[in-house]
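First comes the structure, then the notes that go with it.
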Amino acid sequence: MRKIAVGIISALVGGAMLVSGAGAASADRTDTQLRIRDITPNPVVVKAGAETTAYFNIGASSDVKKVELSVAPEEGVHTLRTKDIRDLEGWRFAIGFNENDPAGKWKATAVAFDSAGKEIAKDSAFFAVDVQKGKAETRISRFTADPYKVRKGKSIYFSGRLQVDDEGWEGVRGERVNVYYRANGSSGWKWVASAKTKWGGKFYAKTRAFKSGTFRAVYNGDDELAGATSRTDYVRVYGYGWRR
């Protein structure tokens, strides 16, 4: 049965239309037809730690004996060639996408060959890949509460650095870090100070000394960054003459 392309598909992709390339077929034979008729799903949504399969439906005339498909990001930084693509029945192809693939606009290219192996037609279409990666890991490093021994009523100073793992630990600027305190003999933590991170992820805060105890810094995270808790630091408080 002849496989005839039924039309040209279009879909909105990142503000641009997904259009099967008009006039892309070669003119070696006037009845040769090749069209990328459908890409499903579009956009291809990939969740963290999972793989999403996209299906490519190609329409071709009866003189087409072989079809090869390749896909690549529009910027061309990464290509999935034919060997990475599952060839299904009836000029249908399946490709798996994961979180390691670049997000954004991609281009699919179909090439048709005749019985002699000669290229007789080509078509292309665009689609989108939306990679929904998990939250980036963070840490609070170099947290300290100084001085290690202080008179009651005097100031205790806190410092540390909030960092994110982005192919290496880097400082995070403009995020809120809270400092909590647990007094000797207590099982609960109480908030005592907050600070916004500055250049390099550094933060500074202070509170008044009340009773010997342990301090730690906590970052609650946001939509993109995971939360983090620092190591604890102990401060000994001595003397009298100050009331909270």
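Index from 1, following the sequence.
- Counting heavy atoms from C-beta on, the side chains of F93 and R86 never come closer than 4.5 Å.
- Paired with F215 under the rule ring pair (Phe, Tyr, Trp, His ring centres under 6.0 Å), one option of Y148, Y180, F158, Y234 passes, and it is F158.
- Separation of atoms CG (D165) and OG1 (T138) is listed at 9.5 Å; rounding is to 0.5 Å.
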Stepwise side chain to side chain donor-acceptor pair (under 3.5 Å) check, S186 with W189: CA-CA 8 Å; S186 174; W189 291 89; over 6 Å; no
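- The environment of CD in Q132 is crowded: more than 12 heavy-atom neighbours from other residues, nucleotides or ligands sit within 6.0 Å.
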Derivation of the side chain to side chain contact (heavy atoms under 4.5 Å, CB included) call for N57 and Y55: CA-CA 7 Å; N57 185 8; Y55 296 92; over 6 Å; no
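- Within the 4.5 Å cutoff, no side-chain heavy atoms of E74 are placed close to those of W106.
- In terms of heavy atoms, F127 sits closest to K107 at CE2-C, 4.1 Å.
- Here K196 contributes atom NZ and E175 contributes atom CD; the two are 8.0 Å apart, rounded to the nearest 0.5 Å.
- A donor-acceptor pair shorter than 3.5 Å can be found between the side chains of T144 and S159.
- Judged by distance alone, the side chain of T197 and the main-chain N or O of G174 form a donor-acceptor pair under 3.5 Å.
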Worked check of side chain to side chain contact (heavy atoms under 4.5 Å, CB included) between V64 and D114: CA-CA 5 Å; V64 174; D114 61 15; over 6 Å; no
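- At a threshold of 4.0 Å, the pair R139-E137 does not count as salt-bridged, since none of the basic side-chain nitrogens sits closer than that to a carboxylate oxygen.
- Between F210 and Y181, a ring centre-to-centre spacing not shorter than 6.0 Å is recorded.
- Closest heavy-atom contact between A108 and I39: CB-CD1, 4.5 Å.
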R92 and I58: CA distance, side-chain angles, deciding distance, side chain to side chain contact (heavy atoms under 4.5 Å, CB included) verdict: CA-CA 6 Å; R92 292 179 65 247; I58 313 297; over 6 Å; no
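- The distance from the CZ atom of R216 to the CG atom of N178 is 11.0 Å, given to the nearest 0.5 Å.
- Between the side chains of T32 and D63, a donor-acceptor pair is found at a separation under 3.5 Å.
- In this structure, V164 and L225 have side chains that are in contact, with non-hydrogen atoms separated by less than 4.5 Å.
- The shortest side-chain heavy-atom distance between F97 and V131 does not fall under the 4.5 Å cut-off.
- Residue K135 places its NZ atom among more than 12 non-hydrogen atoms of other residues, nucleotides or ligands, all under 6.0 Å distant.
- Rounded to the nearest 0.5 Å, atoms OG (S62) and CD (Q33) are 9.5 Å apart.
- A parallel orientation is assigned to the rings of F203 and F143, their planes being inclined by less than 30° (bins at 30° and 60°).
- Between Q163 atom CD and K202 atom NZ the span is 10.5 Å, to the nearest 0.5 Å.
- Counting all heavy atoms, side chain and backbone alike, P147 lies closest to V235 at O-CG1, 3.5 Å.
- Contact between K152 and V237 at its shortest, heavy atoms only, is CA-CG1, 3.6 Å.
- One distance of note links CZ of R176 with CG of N220; it measures 9.0 Å at 0.5 Å rounding.
- Other residues, nucleotides and ligands contribute at most 12 non-hydrogen atoms within 6.0 Å of the CZ atom of R236.
- A pairwise comparison of heavy atoms in A217 and V177 identifies CB-CG1, 3.8 Å as the closest pair.
- Y219 places a side-chain heavy atom less than 4.5 Å from the side chain of D222.
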L69/I95 under side chain to side chain contact (heavy atoms under 4.5 Å, CB included): CA gap, chis, key distance, verdict: CA-CA 10 Å; L69 178 72; I95 307 174; 4.2 Å; yes
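- Shortest non-hydrogen contact noted between V67 and W91 is N-CZ3, 3.5 Å.
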